[in-house]
Amino acid sequence: MSDPLLVDRTDAVVTLTLNRPEAMNSFTVDLKEALRDTLAQLESDRSCRAIVLAGAGNAFCGGQDLKEHAALLEAGSTDLNTVQVHYNPIAQRLANMPKPVVAAVRGMAAGAGASLALLADFRIGGPSTKFLMAFANVGLAGDSGISWSLPRIVGHAKAVELLLLAQPVRAEEADRIGMLTRLTETDEEVLPAAQEMAARLAAGPTVAYGAIKRELSIGDAGTLSDALAAEAQAQSICGGTEDHRAAVNAFLNKQKPVYNGR
(Lines give C-alpha, C1' and ligand atoms only; values in the text may rest on other atoms or scores of the structure.)
Protein backbone atom coordinates (compact mmCIF):
# COMPACT_ATOMS: atom_id res chain seq x y z
CA MET A 1 0.00 0.00 0.00
CA SER A 2 1.38 3.42 -0.98
CA ASP A 3 2.17 6.02 1.63
CA PRO A 4 -0.67 8.57 1.76
CA LEU A 5 1.86 11.41 2.05
CA LEU A 6 5.15 11.57 0.18
CA VAL A 7 8.01 13.60 1.67
CA ASP A 8 10.81 14.68 -0.65
CA ARG A 9 13.80 16.81 0.35
CA THR A 10 15.86 18.82 -2.12
CA ASP A 11 18.43 20.91 -0.29
CA ALA A 12 16.43 23.09 2.13
CA VAL A 13 13.06 22.58 0.37
CA VAL A 14 10.66 19.86 1.52
CA THR A 15 7.89 18.86 -0.89
CA LEU A 16 4.84 17.23 0.68
CA THR A 17 2.69 15.37 -1.86
CA LEU A 18 -0.81 14.21 -1.02
CA ASN A 19 -0.64 10.74 -2.53
CA ARG A 20 -4.10 9.35 -3.24
CA PRO A 21 -4.41 10.17 -6.95
CA GLU A 22 -7.09 7.54 -7.50
CA ALA A 23 -9.37 9.55 -5.17
CA MET A 24 -8.29 13.11 -6.07
CA ASN A 25 -6.00 13.03 -3.03
CA SER A 26 -9.02 13.30 -0.76
CA PHE A 27 -8.43 13.19 2.97
CA THR A 28 -8.69 9.92 4.84
CA VAL A 29 -7.76 9.68 8.50
CA ASP A 30 -4.36 8.26 7.54
CA LEU A 31 -3.59 11.15 5.20
CA LYS A 32 -4.80 13.79 7.65
CA GLU A 33 -2.71 12.34 10.46
CA ALA A 34 0.36 12.05 8.24
CA LEU A 35 0.07 15.67 7.09
CA ARG A 36 -0.64 16.99 10.58
CA ASP A 37 2.28 15.16 12.16
CA THR A 38 4.74 15.93 9.36
CA LEU A 39 3.96 19.65 9.48
CA ALA A 40 4.54 19.57 13.24
CA GLN A 41 7.97 18.03 12.69
CA LEU A 42 8.92 20.47 9.94
CA GLU A 43 7.98 23.46 12.06
CA SER A 44 11.04 22.91 14.27
CA ASP A 45 13.27 21.32 11.61
CA ARG A 46 15.98 23.91 10.92
CA SER A 47 17.20 22.03 7.86
CA CYS A 48 13.82 22.73 6.22
CA ARG A 49 13.59 26.37 5.13
CA ALA A 50 10.64 26.22 2.74
CA ILE A 51 7.75 23.82 2.06
CA VAL A 52 5.90 22.90 -1.11
CA LEU A 53 2.44 21.33 -0.75
CA ALA A 54 1.28 19.40 -3.83
CA GLY A 55 -1.08 16.66 -4.96
CA ALA A 56 -0.24 13.53 -6.94
CA GLY A 57 -1.77 13.05 -10.38
CA ASN A 58 -4.23 15.50 -11.90
CA ALA A 59 -5.79 16.99 -8.76
CA PHE A 60 -4.51 18.96 -5.81
CA CYS A 61 -7.03 17.72 -3.23
CA GLY A 62 -10.72 16.86 -3.34
CA GLY A 63 -11.27 17.57 0.36
CA GLN A 64 -12.71 15.03 2.77
CA ASP A 65 -12.98 11.45 1.50
CA LEU A 66 -16.76 11.10 1.46
CA LYS A 67 -16.69 7.30 1.27
CA GLU A 68 -14.89 7.12 4.57
CA HIS A 69 -17.14 9.85 5.95
CA ALA A 70 -20.29 8.01 4.84
CA ALA A 71 -19.12 4.89 6.65
CA LEU A 72 -18.80 6.89 9.86
CA LEU A 73 -22.30 8.32 9.39
CA GLU A 74 -23.65 4.79 8.86
CA ALA A 75 -22.01 3.78 12.12
CA GLY A 76 -23.98 6.53 13.86
CA SER A 77 -21.27 9.17 14.16
CA THR A 78 -22.57 12.73 13.70
CA ASP A 79 -19.87 14.56 15.63
CA LEU A 80 -17.30 15.82 13.14
CA ASN A 81 -14.44 15.63 15.62
CA THR A 82 -12.03 15.36 12.69
CA VAL A 83 -12.23 19.16 12.51
CA GLN A 84 -10.75 19.52 15.99
CA VAL A 85 -8.44 16.50 15.76
CA HIS A 86 -7.14 16.89 12.22
CA TYR A 87 -8.18 19.89 10.14
CA ASN A 88 -7.73 22.59 12.76
CA PRO A 89 -4.17 21.52 13.70
CA ILE A 90 -3.22 21.25 10.02
CA ALA A 91 -4.62 24.71 9.32
CA GLN A 92 -2.82 26.19 12.31
CA ARG A 93 0.48 24.61 11.27
CA LEU A 94 0.20 25.89 7.72
CA ALA A 95 -0.86 29.42 8.63
CA ASN A 96 1.69 29.81 11.42
CA MET A 97 4.59 27.93 9.81
CA PRO A 98 7.73 30.01 10.55
CA LYS A 99 8.99 29.43 7.01
CA PRO A 100 7.41 29.99 3.58
CA VAL A 101 4.81 27.56 2.24
CA VAL A 102 4.08 27.32 -1.49
CA ALA A 103 1.05 25.36 -2.75
CA ALA A 104 1.33 23.75 -6.20
CA VAL A 105 -2.38 23.73 -7.08
CA ARG A 106 -2.66 21.56 -10.16
CA GLY A 107 -6.24 20.57 -10.97
CA MET A 108 -9.09 20.65 -8.47
CA ALA A 109 -8.77 22.02 -4.94
CA ALA A 110 -12.13 21.41 -3.26
CA GLY A 111 -13.48 21.67 0.25
CA ALA A 112 -10.73 21.31 2.82
CA GLY A 113 -8.28 21.03 -0.07
CA ALA A 114 -9.17 24.57 -1.14
CA SER A 115 -9.05 25.76 2.47
CA LEU A 116 -5.54 24.46 3.04
CA ALA A 117 -4.24 25.76 -0.30
CA LEU A 118 -5.49 29.23 0.63
CA LEU A 119 -3.50 29.10 3.88
CA ALA A 120 -0.23 28.77 1.96
CA ASP A 121 1.82 31.94 1.49
CA PHE A 122 1.93 31.45 -2.28
CA ARG A 123 -0.23 29.44 -4.71
CA ILE A 124 0.92 28.41 -8.17
CA GLY A 125 -1.73 27.15 -10.59
CA GLY A 126 -2.09 26.03 -14.20
CA PRO A 127 -4.85 25.92 -16.83
CA SER A 128 -6.67 23.03 -15.09
CA THR A 129 -6.64 24.65 -11.65
CA LYS A 130 -10.06 25.04 -10.01
CA PHE A 131 -11.10 26.04 -6.52
CA LEU A 132 -14.43 24.80 -5.19
CA MET A 133 -15.79 25.77 -1.77
CA ALA A 134 -17.80 22.56 -1.79
CA PHE A 135 -18.99 22.54 1.83
CA ALA A 136 -22.57 23.75 1.24
CA ASN A 137 -22.99 21.17 -1.54
CA VAL A 138 -22.93 18.45 1.14
CA GLY A 139 -24.85 20.40 3.76
CA LEU A 140 -21.84 21.54 5.77
CA ALA A 141 -20.35 24.83 6.88
CA GLY A 142 -16.79 25.75 5.95
CA ASP A 143 -13.79 24.48 7.87
CA SER A 144 -10.00 24.27 7.83
CA GLY A 145 -9.67 28.05 8.10
CA ILE A 146 -11.72 28.98 5.02
CA SER A 147 -13.78 31.59 6.92
CA TRP A 148 -10.49 33.28 7.91
CA SER A 149 -8.45 33.01 4.72
CA LEU A 150 -11.00 33.44 1.94
CA PRO A 151 -12.36 36.89 2.90
CA ARG A 152 -8.81 38.14 3.43
CA ILE A 153 -7.94 37.13 -0.13
CA VAL A 154 -11.10 37.94 -2.10
CA GLY A 155 -13.11 40.20 0.24
CA HIS A 156 -16.20 39.47 2.35
CA ALA A 157 -18.84 39.75 -0.39
CA LYS A 158 -16.97 37.46 -2.79
CA ALA A 159 -16.33 34.97 0.01
CA VAL A 160 -20.08 34.80 0.73
CA GLU A 161 -20.74 34.18 -2.95
CA LEU A 162 -18.14 31.43 -3.27
CA LEU A 163 -19.17 29.63 -0.08
CA LEU A 164 -22.96 29.81 -0.50
CA LEU A 165 -23.22 29.22 -4.24
CA ALA A 166 -20.39 26.66 -4.16
CA GLN A 167 -19.52 27.00 -7.83
CA PRO A 168 -16.02 26.30 -9.16
CA VAL A 169 -13.57 29.14 -9.67
CA ARG A 170 -11.50 28.41 -12.75
CA ALA A 171 -7.85 29.26 -13.17
CA GLU A 172 -8.10 32.65 -14.91
CA GLU A 173 -10.74 33.91 -12.48
CA ALA A 174 -8.76 32.58 -9.51
CA ASP A 175 -5.72 34.44 -10.78
CA ARG A 176 -7.70 37.64 -11.32
CA ILE A 177 -9.19 37.74 -7.81
CA GLY A 178 -5.96 36.86 -6.01
CA MET A 179 -6.47 33.21 -5.19
CA LEU A 180 -3.39 32.40 -7.26
CA THR A 181 0.01 34.04 -6.95
CA ARG A 182 1.03 32.87 -10.41
CA LEU A 183 -0.74 31.13 -13.28
CA THR A 184 1.55 29.03 -15.47
CA GLU A 185 0.94 28.38 -19.16
CA THR A 186 0.79 24.59 -18.74
CA ASP A 187 -0.13 22.21 -15.95
CA GLU A 188 3.27 20.55 -16.21
CA GLU A 189 4.92 23.79 -15.09
CA VAL A 190 2.98 24.08 -11.83
CA LEU A 191 5.10 21.89 -9.54
CA PRO A 192 8.49 22.97 -10.96
CA ALA A 193 7.44 26.63 -10.64
CA ALA A 194 6.35 26.07 -7.04
CA GLN A 195 9.59 24.29 -6.19
CA GLU A 196 11.63 27.02 -7.90
CA MET A 197 9.87 29.68 -5.84
CA ALA A 198 10.38 27.63 -2.66
CA ALA A 199 14.10 27.24 -3.43
CA ARG A 200 14.42 30.99 -3.92
CA LEU A 201 12.68 31.61 -0.60
CA ALA A 202 14.74 28.93 1.18
CA ALA A 203 17.89 30.83 0.20
CA GLY A 204 16.57 34.00 1.79
CA PRO A 205 16.38 35.35 5.36
CA THR A 206 13.90 32.78 6.63
CA VAL A 207 13.89 34.06 10.21
CA ALA A 208 12.75 37.42 8.85
CA TYR A 209 10.15 35.71 6.65
CA GLY A 210 8.67 33.97 9.69
CA ALA A 211 8.62 37.25 11.61
CA ILE A 212 6.89 39.04 8.73
CA LYS A 213 4.22 36.33 8.63
CA ARG A 214 3.60 36.76 12.37
CA GLU A 215 3.42 40.55 11.98
CA LEU A 216 0.82 40.24 9.24
CA SER A 217 -1.33 37.81 11.23
CA ILE A 218 -1.45 40.32 14.07
CA GLY A 219 -1.75 43.40 11.89
CA ASP A 220 -4.65 41.93 9.91
CA ALA A 221 -6.85 41.50 12.95
CA GLY A 222 -5.43 43.87 15.55
CA THR A 223 -5.09 47.58 16.22
CA LEU A 224 -2.23 49.82 15.17
CA SER A 225 -0.84 49.49 18.68
CA ASP A 226 -0.94 45.70 18.35
CA ALA A 227 0.89 45.92 15.04
CA LEU A 228 3.55 48.29 16.36
CA ALA A 229 4.20 46.06 19.37
CA ALA A 230 4.51 43.01 17.12
CA GLU A 231 6.88 44.88 14.81
CA ALA A 232 9.07 45.98 17.70
CA GLN A 233 9.31 42.42 18.99
CA ALA A 234 10.04 41.08 15.50
CA GLN A 235 12.79 43.59 14.84
CA SER A 236 14.36 42.79 18.18
CA ILE A 237 14.56 39.14 17.15
CA CYS A 238 15.64 39.73 13.55
CA GLY A 239 18.19 42.37 14.52
CA GLY A 240 20.12 39.77 16.50
CA THR A 241 20.36 37.22 13.71
CA GLU A 242 23.43 36.23 11.74
CA ASP A 243 21.40 36.88 8.58
CA HIS A 244 20.88 40.54 9.47
CA ARG A 245 24.56 41.11 10.20
CA ALA A 246 25.56 39.30 7.01
CA ALA A 247 23.14 41.38 4.94
CA VAL A 248 24.38 44.67 6.40
CA ASN A 249 28.02 43.72 5.80
CA ALA A 250 27.24 42.58 2.28
CA PHE A 251 25.46 45.85 1.53
CA LEU A 252 28.38 47.93 2.81
CA ASN A 253 30.82 45.85 0.76
CA LYS A 254 28.58 45.87 -2.35
CA GLN A 255 28.22 42.09 -2.23
CA LYS A 256 25.30 39.71 -2.43
CA PRO A 257 24.36 38.41 1.04
CA VAL A 258 24.34 34.71 1.86
CA TYR A 259 21.66 33.72 4.36
CA ASN A 260 21.73 30.65 6.59
CA GLY A 261 18.40 31.03 8.40
CA ARG A 262 19.97 31.93 11.74
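This chain uses plain numbering: 1 for the first residue, then up along the sequence.
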Check [X] against [Y] and note the closest heavy-atom contact, atom names and distance.
X	Y	answer
A198	V52	CB-CG2, 3.5 Å
A234	E215	CB-OE2, 3.4 Å
V14	C48	CG2-SG, 3.7 Å
G126	V190	N-CG2, 3.4 Å
N253	N249	ND2-O, 2.7 Å
F131	A114	CD2-CB, 4.2 Å

Sub-4.5 Å side-chain heavy-atom contact between [X] and [Y]:
X	Y	answer
L18	L35	yes
M133	I146	yes
L165	V160	no
L132	V169	no
S47	R9	yes
L42	I51	yes
L150	L162	yes
I124	V105	no

Tell me whether N58 at atom CG has more than 12 heavy atoms from other residues, nucleotides or ligands lying less than 6.0 Å away.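 Counting other residues, nucleotides and ligands, CG of N58 stays at 12 neighbours or fewer.
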
Would one find more than 12 heavy atoms of other residues, nucleotides or ligands at under 6.0 Å from atom CZ of R200?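 Not buried by this count: 12 neighbours or fewer within 6.0 Å.
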
Rounded to the nearest 0.5 Å, how far does [atom2] of [Y] lie from [atom1] of [X]?
X	Y	atom1	atom2	answer
I218	Q233	CD1	CD	7.0 Å
L6	T15	CG	OG1	10.5 Å
S115	L94	OG	CG	11.0 Å
S144	Q64	OG	CD	9.0 Å
L39	N96	CG	CG	11.5 Å
Q92	L119	CD	CG	9.0 Å

Among residues at least two apart in sequence or on other chains, which ones pass salt bridge (Lys or Arg N to Asp or Glu O under 4.0 Å) with R93?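 Counting only residues at least two positions away or on another chain, R93 forms a salt bridge (Lys or Arg N to Asp or Glu O under 4.0 Å) with E43.
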
Do [X] and [Y] sit in the same hydrophobic cluster, where Ile, Leu, Val, Met, Phe, Trp and Tyr count as joined when their side-chain heavy atoms come under 4.5 Å apart?
X	Y	result
L228	I237	no
L216	V154	no
V85	L31	no
M108	L16	no
I212	V101	no

With sequence neighbours excluded, what pairs up with I153 under the side chain to side chain contact (heavy atoms under 4.5 Å, CB included) test?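 Applying side chain to side chain contact (heavy atoms under 4.5 Å, CB included) to I153 gives L118, R123, M179.
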
Listed by chain and number, what are the side chain to side chain contact (heavy atoms under 4.5 Å, CB included) partners of T223, not counting sequence neighbours?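 By the side chain to side chain contact (heavy atoms under 4.5 Å, CB included) rule, T223 matches S225, D226.
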
What salt bridge (charged side-chain N to carboxylate O under 4.0 Å, His left out) pairs are there with at least one residue in [range], not counting sequence neighbours?
range	answer
residues 55-64	none
residues 188-199	R106-E188
residues 156-175	K158-E161, K158-E173, E173-R176

Residue pairs involving residues 219-246 (criterion ring pair (Phe, Tyr, Trp, His ring centres under 6.0 Å); sequence neighbours excluded):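 Pairs touching residues 219-246 that pass the test: none.
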
Without swapping roles, check the side chain of [X] against the backbone of [Y] for a donor-acceptor pair under 3.5 Å.
X	Y	value
T181	F122	no
T38	A34	yes
R245	G240	yes

For residues 19-26, please give each side-chain donor-acceptor pair under 3.5 Å, one per line with the distance, not counting sequence neighbours.
{"unit_1": "N19", "atom_1": "ND2", "unit_2": "D3", "atom_2": "O", "d": "2.9"}
{"unit_1": "R20", "atom_1": "NH1", "unit_2": "S26", "atom_2": "O", "d": "2.8"}
{"unit_1": "R20", "atom_1": "NH1", "unit_2": "S26", "atom_2": "OG", "d": "3.0"}
{"unit_1": "R20", "atom_1": "NH1", "unit_2": "D65", "atom_2": "OD2", "d": "3.0"}
{"unit_1": "R20", "atom_1": "NH2", "unit_2": "D65", "atom_2": "OD2", "d": "3.3"}
{"unit_1": "N25", "atom_1": "OD1", "unit_2": "R20", "atom_2": "N", "d": "2.8"}
{"unit_1": "N25", "atom_1": "ND2", "unit_2": "A56", "atom_2": "O", "d": "2.8"}
{"unit_1": "N25", "atom_1": "ND2", "unit_2": "A59", "atom_2": "O", "d": "2.8"}
{"unit_1": "N25", "atom_1": "ND2", "unit_2": "F60", "atom_2": "O", "d": "3.3"}
{"unit_1": "S26", "atom_1": "OG", "unit_2": "A23", "atom_2": "O", "d": "3.0"}
{"unit_1": "S26", "atom_1": "OG", "unit_2": "D65", "atom_2": "OD2", "d": "3.3"}

Return the set of residues passing side chain to side chain donor-acceptor pair (under 3.5 Å) with T17 (not counting sequence neighbours), or none when no residue passes.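 Not a single residue meets the side chain to side chain donor-acceptor pair (under 3.5 Å) criterion with T17.
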
Using a 3.5 Å cut-off and no angle test, enumerate the donor-acceptor pairs between side-chain atoms of residues 201-211 and protein atoms at least two apart in sequence or in another chain.
{"unit_1": "T206", "atom_1": "OG1", "unit_2": "R49", "atom_2": "NE", "d": "3.3"}

Please tabulate, for side-chain N and O atoms in residues 254-262, each donor-acceptor pair with protein atoms closer than 3.5 Å (sequence neighbours left out).
{"unit_1": "N260", "atom_1": "OD1", "unit_2": "R262", "atom_2": "N", "d": "3.0"}
{"unit_1": "N260", "atom_1": "ND2", "unit_2": "E242", "atom_2": "OE1", "d": "2.9"}

Under the rule for ring pair (Phe, Tyr, Trp, His ring centres under 6.0 Å), what residues qualify as partners of Y87, not counting sequence neighbours?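 Per chain and number, Y87 pairs via ring pair (Phe, Tyr, Trp, His ring centres under 6.0 Å) with F27.
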
Could you tell me whether D121 and K99 make a salt bridge, using a distance below 4.0 angstrom between a side-chain N and a carboxylate O?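 So D121 does not pair with K99 through a salt bridge.
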
